[in-house]
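All residue numbers in this chain count up from 1 along the given sequence. Everything numeric in this text was worked out from a predicted model, so none of it was measured.
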Amino acid sequence: LLIFLGLIVLTWHKRKIFGRLSHKGIQLTLLVAIFDGLVAIVDKTAVAYFYPTFYGFLMYILPAIYLTPLAVKNASSIKKLLVNKKFAVIATCALGVSAYYFRLSAYMVTEVSNAFPVMQLSTLIAVLGGIYFHKEKELSVRLVGAVLMIIGSVLILSPETFYNILKIVP
């Protein structure tokens, strides 16, 4: 519930809940969230049968084969990107593959209902990165939303730890 409340705060705009819901970027992001949740369930099932390295390889190679015709059609744009932003491309690839490998590894040793909400703490990193690197606005509102999502994740992962923290705070 707190994760959802954090989402509402992050999308709040002009005193309307989901005020930016008409924005195409928010719509696409919500679609990604639905797909990401479904993929988490499938991934958890798959790692019972495959090692994360092999399964991760399949999950990257099959889309690569599917998208190759588009890449060939846009070869000049891809070449320009690789020349001008080589470090960013390499870093993105390395981070993406590493994150997926660790996600699959986490699913092997814990329940998806524990792992997935904790992985959503990436929201805080994305919010801070967006503010710092891309000069995005509404810092306080975004941080409040991210903090609510973090508290929700902690409650899902370990409610007793959260209650113990509350006992310590005067």
*Distance-only, no hydrogens or angles: does the Lys44 side chain make a donor-acceptor pair with backbone N or O of Tyr107 under 3.5 Å?*
yes
For Pro63 and Leu58, the nearest pair of non-hydrogen atoms, with its separation, is CD-O, 4.0 Å
Shared hydrophobic cluster, [X] / [Y] (ILVMFWY, side-chain heavy atoms < 4.5 Å):
| X | Y | value |
| --- | --- | --- |
| Val47 | Ile41 | no |
| Phe102 | Val97 | no |
| Met108 | Met119 | yes |
| Val39 | Phe50 | no |
| Phe57 | Leu62 | yes |

So side chain to side chain donor-acceptor pair (under 3.5 Å) across residues 45-65, not counting sequence neighbours, yields Asp43-Tyr55
Sequence neighbours excluded, the answer for side chain to side chain contact (heavy atoms under 4.5 Å, CB included) partners of Leu128 is Leu124, Leu143
Residue pairs meeting salt bridge (charged side-chain N to carboxylate O under 4.0 Å, His left out), one or both in residues 100-120, sequence neighbours left out, come to Asp36-Arg103
Quick note, salt bridge (charged side-chain N to carboxylate O under 4.0 Å, His left out) partners involving residues 62-71, not counting sequence neighbours, are none
Sequence neighbours excluded, the answer for side-chain hydrogen bond (donor to acceptor under 3.5 Å, both in side chains) partners of Tyr101 is none
Hey, does Leu38 have a side-chain heavy atom less than 4.5 Å from the side chain of Ile34? yes
Check residues 68-92 and write down every donor-acceptor pair under 3.5 Å in which the side-chain atom is one partner and the other belongs to a residue at least two apart or another chain.
residue	atom	partner	partner atom	Å
Thr68	OG1	Ala64	O	2.6
Asn74	ND2	Leu70	O	3.1
Asn84	ND2	Lys80	O	3.3
Thr92	OG1	Ala88	O	2.7

